Amino acid sequence: MLVLSGVSRRFGEVAALDDISLELGNEQVLCLVGQSGCGKSTLLRAIAGIERLDNGTISIDNTIVSGGDAFVEPEHRRVGFMFQDYALFPHLTVRQNVGFGLHLLSRRHREERVADVLGRIGIEALADRYPHMLSGGEQQRVALARALAPQPRLLLMDEPFSNLDRGLRDRVRQETLSLVRDLRMTAVVVTHDPEEALAIGDMVALMQKGRLVEVGTGARIYDAPWTAYAARFFSRMNVIPAQLNGKFLETPLGRFAAPALEGVPTVLLRPQSIHLSPVGISAWVVERLILGEIEQLLVSVSGMHEPLIIRGTGRHDVRPGDEVFVSVDESKLMIFPQDAAQLGTVTSFNNLEAF
Amino acid sequence: MTISLWAVVAFAAAALALLPIIAIAATAVADTGDLWGHIVQFVLPQASWNTLVLLAGTGLIATFVGTGAAWIVSAYDFRGRAFLEWALLLPLAVPTYIMAYAYLDILNPLGPVQGVLRWVLGYSSPRQFRLPDIRAMWGAILVFGFVLYPYVYLTARAMFLTQAANVTEVACVLGVPRSGIFWRVALPLARPAIAVGVSLALMEVLNDVGASQFLGVRTLTATVYTTWVVRTDLAGASQIALSMLAIVLAVLMLERWARRNQRYAAAAQNARQMQRQRLRGHSAVLAFALGLAPIAIGFAGPALYLVVAAIRRIEFAGFSSSLLRATLNTVSVSAIATLAILSVGFAVAYVARIHAARWSATAMRLASIGYAVPGTVLAIGILVPVAAVDRTLGSAWHAWTGLPGGLLLLGSGAALVYAYSARFMAISVGGIEAGLSRIPPAYDHASRTLGHPAIGTLLRVHLPLSRSSLTAAGLLVFVDCMKELPATLLLRPLNFESLATLLYGEAARGTYEDAALAALIIVAIGILPVILLAKTSRTFR
């Protein structure tokens, strides 16, 4: 349905989109995720036709809409777009906003369609209000209604939930997605929130500095990431210093079997893959934090610069300075070829819910 | 990239704004004639000196009055302060030539002021006692200073309001006495703002042709005018006009410099207001009187005089048909010009929005260039190409039909609309651009993805959302067109009188008939944008 191939766009010296290729099937929901400035919004705007390409092609339903000599203006793409700050027209009522894209329909059909969409989203009561009279959640629903009303073949949403506060966000997200599924829409959703990305998409595409890092289902990309960048983007990781010694990895946490690799590998381990045990590697408690259901321990291990993070649902009655023993679930060890350059740029993921 | 119709309009507007300036330079260089030597020797030195003295004097008065008034209403609180705050803007409604016109009569030896003085002092005849004649340089300086001080008042007050709070408090803590704060803290900080105001006031002085003529001060502007009207020497007029543009450039550079400095001075600004010092008793009365004086001189005096004179005139002769015709002329030409200026201004500002690039920004700046060019200079610059076009069209018409050809552009008033457009385009472009910049680009994109092409987006999103900025710009432009004297004098069709030219003609002839009524109409309509300004400067605060 949507095919991107070799899509590139530069802004001066910065490559906002760098050779991106991607395919999305009918009725699938793709989530574009990455840190701010990674190019995900630019990609969304390029699909909508608000942004032009320097190279590559974008096609929708087997027709090239951007690329080469072809450029279909945004008004002719039949693509719905939901903006981060909703961009509701302040001089129009909710009804007029939702009907804005229906100017080609007859008056009667337009009114029917608006009523239908308002009803489906459950905002009939707001029809005659102006945007400034609406709460954030209501504005979000109106923006969704407006984007859906012309029955686009593709729905694009730019950070659609980021302006809502936490409690509201989960509910609105769930409602929005179930509506998208009901309508059998194909959709691309942009978010900076890793947890949201995993929750929303049939497919998740992780971007970094204009490049596509990894594409896959949420489960695959979380459980078995292909890159250290993806692993560290979607969850908090302990970085374990390691040396390759023949077929083994020598680490401060012990010696592990190593896959065939060259050079210095990057070894990552989730905090929940480490446990306190009666015997194991000796360590000293630095800090103990109770984060509700989760208990987090920071322990220092000789040979490691950073304390090791351990998380679990159990409780351990330990104090800073106590000696403990830790053991590692070897099957959960993630070993990647060296990509130190990328490691430095990840801001640690620090979100309990994704645990 | 396809060059859109919009781009063509933007570049045409820029070219039309530049044309008069190029025409002046070309004419000045092309033909010197015999008169140039005479002009350089006898006219230019005196006129330049007069202009510089007038600029300096007006600048000084406007600075004193404007800054002082701004400080009084920002630093002190007293009964009547809120009234003064907006009323101090009122002189903006009075064009310089009406101010001069009114004071010529008010201060006439047989006028009310000198009459009262003689009565108080016990004299019976003007021969025994009279004040010095206002028709002199000092008179012109006072007249200009007291009618143009609001430019300084506006910018200085904005600075005092936004900036003084934190800095004055620090100064107090550091032991600077309250009275010293003005000289040691507030004034130095407000200097760039004051300079911006002064430069705007000086541009008005350079634009004026009526007041300086009424008051007998031969400025460069007046010389340009007489060189063309009396001697019909276009080359000579262009040469003087060119030398005036040098002074304009200097004033512009002052403005630019001041704005740059204002930006960095504004970096320290704080949203909090300065705590006003409460005045009571004598000091409150004194503060109110000090604030009231510029209003009395710059607005209330002349306005009252005009009302009285107008009532007398109506009792004596009614509302004459020539005055009615002048009013209709003024309103219709101003309305047509306003429409043209708003449409072109919108196009220029809109191009800069949808094609954000260096060329569109340049076109926008060039189209606005006329705001600094004095009306007389602009009119001379327009006269050259327009007359050439008219001659060509006329002879073509004659060759084709055998009938005598008329002056199409000058005769129809098209040249006048052109002059107004070139001169006031900046107000329209600036206002509309500011309005458009408040519309987030996401609105454009939302409209496009909802199936509306660029033109539909313009009609359904941008125009409705620009309504208030269009209205404000339209009001300002309309009133400025209505007040404009020099360009109207030089470019109007034969036998066409506007309110301003009617007043000018009567004052020049010394026949005080319908002029007071014409002036009163101009001032009354001129109050509308002042109200608008008072409102917006209040919300700004």
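Here is the naming used below: chain letters follow the sequence lines, and residue numbers restart at 1 for every chain. Everything numeric in this text was worked out from a predicted model, so none of it was measured.
- In this structure, no portion of B/Pro440 lies under 4.5 Å from any heavy atom of chain A.
- Only the side chain of A/Phe83 comes within contact range of chain B, with heavy atoms under 4.5 Å apart.
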Could you show, one pair per line, the donor-acceptor contacts under 3.5 Å between chain A and chain B?
{"unit_1": "A/Glu73", "atom_1": "OE1", "unit_2": "B/Arg448", "atom_2": "NH2", "d": "2.6"}
{"unit_1": "A/Glu75", "atom_1": "N", "unit_2": "B/Arg448", "atom_2": "O", "d": "3.3"}
{"unit_1": "A/Glu75", "atom_1": "OE1", "unit_2": "B/Arg448", "atom_2": "NE", "d": "2.6"}
{"unit_1": "A/Glu75", "atom_1": "OE1", "unit_2": "B/Arg448", "atom_2": "NH2", "d": "2.9"}
{"unit_1": "A/Glu75", "atom_1": "OE2", "unit_2": "B/Arg448", "atom_2": "NH2", "d": "3.4"}
{"unit_1": "A/Leu88", "atom_1": "O", "unit_2": "B/Tyr443", "atom_2": "OH", "d": "3.4"}
{"unit_1": "A/His91", "atom_1": "NE2", "unit_2": "B/Arg460", "atom_2": "O", "d": "2.9"}
{"unit_1": "A/Phe100", "atom_1": "O", "unit_2": "B/His452", "atom_2": "NE2", "d": "2.6"}
{"unit_1": "A/His103", "atom_1": "ND1", "unit_2": "B/His452", "atom_2": "NE2", "d": "3.2"}
{"unit_1": "A/His103", "atom_1": "NE2", "unit_2": "B/Gly451", "atom_2": "O", "d": "3.3"}

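- With a 4.5 Å cut-off on non-hydrogen atoms, A/Leu104 does not touch chain B at all.
- More than 12 heavy atoms of other residues, nucleotides or ligands sit less than 6.0 Å from atom CD of A/Glu124.
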Cut-off 3.5 Å, no hydrogens considered: what does the side-chain donor-acceptor table look like for residues 177-187 of chain A, sequence neighbours left out?
{"unit_1": "A/Ser178", "atom_1": "OG", "unit_2": "A/Gln174", "atom_2": "O", "d": "3.2"}
{"unit_1": "A/Ser178", "atom_1": "OG", "unit_2": "A/Glu175", "atom_2": "O", "d": "3.0"}
{"unit_1": "A/Arg181", "atom_1": "NH1", "unit_2": "A/Asp202", "atom_2": "OD1", "d": "3.3"}
{"unit_1": "A/Arg181", "atom_1": "NH1", "unit_2": "A/Asp202", "atom_2": "OD2", "d": "3.1"}
{"unit_1": "A/Arg181", "atom_1": "NH2", "unit_2": "A/Ile200", "atom_2": "O", "d": "3.3"}
{"unit_1": "A/Arg181", "atom_1": "NH2", "unit_2": "A/Asp202", "atom_2": "OD1", "d": "3.4"}
{"unit_1": "A/Arg184", "atom_1": "NE", "unit_2": "A/Glu27", "atom_2": "OE1", "d": "3.2"}
{"unit_1": "A/Thr186", "atom_1": "OG1", "unit_2": "A/Glu27", "atom_2": "N", "d": "2.9"}

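- Within 6.0 Å of atom CG in A/Asp128, more than 12 heavy atoms from other residues, nucleotides or ligands are found, so the atom counts as buried in its surroundings.
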